[in-house]
J.: 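Handing you a structure now.
First the proteins, then the strands, lettered A, B, ... as listed; each starts at 1. On a predicted model such as this, the values are computed, not experimentally measured, just so you know. Hydrogens, waters and symmetry mates are skipped; everything else that's a heavy atom, side chains included, is used.
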2 protein chains.
Amino acid sequence: MRASKREQLVDTAMRLFCRDGFQSVGIDRIVAEAGVAKMTLYNHFKSKDELVLAALRRRDELFRNSFSRQVEAAVDTPAGRLAALFDVLHAWINSDDFNGCVFCNAAAEYRDASSPIRALAAEHKRLMLAYIRSLAEQAGAEHPEGLAEHLNLLLEGAISQALTASDLDAAKTAARAARVVLDTLPKQ
Amino acid sequence: MRASKREQLVDTAMRLFCRDGFQSVGIDRIVAEAGVAKMTLYNHFKSKDELVLAALRRRDELFRNSFSRQVEAAVDTPAGRLAALFDVLHAWINSDDFNGCVFCNAAAEYRDASSPIRALAAEHKRLMLAYIRSLAEQAGAEHPEGLAEHLNLLLEGAISQALTASDLDAAKTAARAARVVLDTLPKQ
DNA sequence: AACTATACAGACCCATCCGTCTATTTCAAG
DNA sequence: CTTGAAATAGACGGATGGGTCTGTATAGTT
């Protein structure tokens, strides 16, 4: 067996949840597409919510890895990487499988603020901001925290606008806005 | 009869959809809380989706009215009103009934991009941006379109962060970021 | 008073949901 | 070969979903 049944389930669930949402995707469909028996799912996870958590944890890992890898492959300088954030965002928004931020979508579907799913979404956003802050510090920004917060809001706003306003150019708009702030960085 | 049955339904549906989401709120609960018979609902609306559309249309009207009224009551000058956007946002985020932007939530729950619900959400975002642009023009901005887009992204980012990252200070963060751009406005 | 449109309560239908149970099969380790 | 854990297919249960149907009651109009 190449991949463990558990991995098959998590990968399939992640893909379906990202594309079609959480409540819209039923257990039966997940096990059918993963090619495993329903009982196998319930041997590995206590409930659908546990599977949702596992899928989101995997998505967080893959997304942040892929995002930072692309940013760092694009440019060498920290300041350039802050600008490249928006290029990577643009590529994502215009890719075939863009369906907004799955963590935002999860927060929209799971309304109980004390849900572990919401906690995981918040943690993902915290880690994304931390990554941007680290780039801002490396770039020698005068106020790295403020710069990171500013860029983070532009990125988050662009993701939101891309989905809700069906604006595929949202990242380009955000990049133009970011230029105003990035111009204050010390010239390398 | 004080309010028409139809209005009771739309108001109740809007309240429940905003608080608990769309798929989570069933027809039975709406008619029960609205105090009308189920057949009355289906005499006024062809389907649940039609009710969702009516509720979102009402929300769009109420929200934009309330938002612009608060902004204009706060300050007199156009430039001041651009800053006041973030104060009104802050008040909303920290109010009891904040559950994110219901149009973003709708886009998250209704994944079919060709759905009329998605079209309505996009229209709401378009109108919000148009309002900000009108303020930017009145404020005499050098590039009103660019300024409006920038502020809009900060506002949208703050709404998203407030919900997903459970960050009740997101509007304050966005206000600090906005200051950088608003300082370029001509002094009155 | 007669008529008409609207609203009523609630049973009903069919589909889907999550989760459980069972009985069978696979397959690697001792 | 034997044993035992893991996976299988699929039926099943109880709940809930959206939507339909029926028969009755209300209320405003002529």
Side-chain angles (χ1 to χ4, degrees), chain A residues 1-57 105-106 108-112 115-118 120, chain B residues 1-57 102 105-106 108-112 114-118 120:
Chain A
M1 162 189 343
R2 274 331 133 80
S4 82
K5 297 292 174 183
R6 192 192 149 91
E7 282 170 1
Q8 287 178 44
L9 279 165
V10 172
D11 282 346
T12 304
M14 186 191 69
R15 183 171 49 82
L16 293 177
F17 289 152
C18 285
R19 197 180 60 196
D20 298 327
F22 297 91
Q23 297 179 237
S24 297
V25 174
I27 289 293
D28 293 329
R29 194 165 145 223
I30 295 171
V31 299
E33 294 211 19
V36 302
K38 191 188 266 195
M39 270 313 291
T40 304
L41 188 160
Y42 283 100
N43 282 335
H44 286 290
F45 304 96
K46 287 196 327 189
S47 66
K48 183 185 180 182
D49 277 10
E50 295 285 323
L51 177 60
V52 169
L53 282 171
L56 286 178
R57 271 191 283 263
N105 295 346
E109 288 203 43
Y110 294 89
R111 310 305 279 264
D112 178 6
S115 158
I117 293 171
R118 289 281 288 266
L120 195 54
Chain B
M1 169 186 341
R2 280 318 140 84
S4 82
K5 296 293 174 181
R6 188 179 203 280
E7 284 169 1
Q8 287 177 43
L9 279 165
V10 172
D11 283 346
T12 304
M14 185 191 70
R15 183 171 50 81
L16 293 178
F17 289 151
C18 286
R19 198 181 58 194
D20 296 329
F22 297 91
Q23 299 181 232
S24 297
V25 174
I27 289 292
D28 292 330
R29 193 164 145 225
I30 295 171
V31 298
E33 294 209 18
V36 303
K38 192 188 263 196
M39 270 314 290
T40 303
L41 189 159
Y42 283 100
N43 284 335
H44 286 289
F45 303 95
K46 286 194 329 188
S47 65
K48 183 185 179 182
D49 276 11
E50 295 286 322
L51 177 60
V52 168
L53 282 171
L56 285 178
R57 272 191 282 264
V102 71
N105 295 345
E109 287 204 45
Y110 294 89
R111 308 304 279 264
D112 179 7
S114 64
S115 159
I117 292 170
R118 289 280 287 267
L120 194 55

J.: Write down the distance between CD (A:Q23) and P (D:dG18), rounded to a whole number of angstrom.
T.: 11 Å
J.: A:L9 has an atom CG; how far is it from atom P of D:dA6, in whole Å?
T.: 15 Å
J.: Once you round it to whole Å, what is the distance between P of D:dG17 and CZ of B:F22?
T.: 16 Å
J.: Kindly compute the distance separating CD (B:Q8) from CG (B:L41), expressed to the nearest 0.5 Å.
T.: 12.0 Å
J.: Backbone N or O of A:Q23 within a donor-acceptor pair of the A:E109 side chain at under 3.5 Å?
T.: yes
J.: Going by heavy atoms in the side chains, are A:I117 and A:F22 under 4.5 Å from each other?
T.: no
J.: So if I take residues 34-47 of chain B and measure heavy-atom distances to DNA chain C, which residues fall below 4.0 Å?
T.: B:G35, B:V36, B:A37, B:M39, B:T40, B:H44
J.: Rounded to whole Å, please give me the gap between CG in B:D28 and P in C:dC12.
T.: 16 Å
J.: Within the structure, does a side-chain N or O atom of A:K5 lie under 4.0 Å from either OP1 or OP2 of D:dA7?
T.: no
J.: To the nearest 0.5 Å, what is the distance between NE2 (A:H44) and CG (A:L9)?
T.: 7.0 Å
J.: Less than 4.5 Å apart, any side-chain heavy atom of A:L120 and any of A:R57?
T.: yes
J.: Expressed in angstrom and rounded to an integer, what is the separation of B:K48 atom NZ from D:dG17 atom C1'?
T.: 8 Å
J.: Return the value, rounded to whole Å, for the distance between atom CD1 of A:I27 and atom C1' of C:dT20.
T.: 13 Å
J.: Is any side-chain N of the basic residue among B:K38 and B:D28 closer than 4.0 Å to the acidic one's carboxylate O?
T.: yes
J.: Whole Å only: how far is the CD1 atom of A:I30 from the C1' atom of C:dT16?
T.: 14 Å
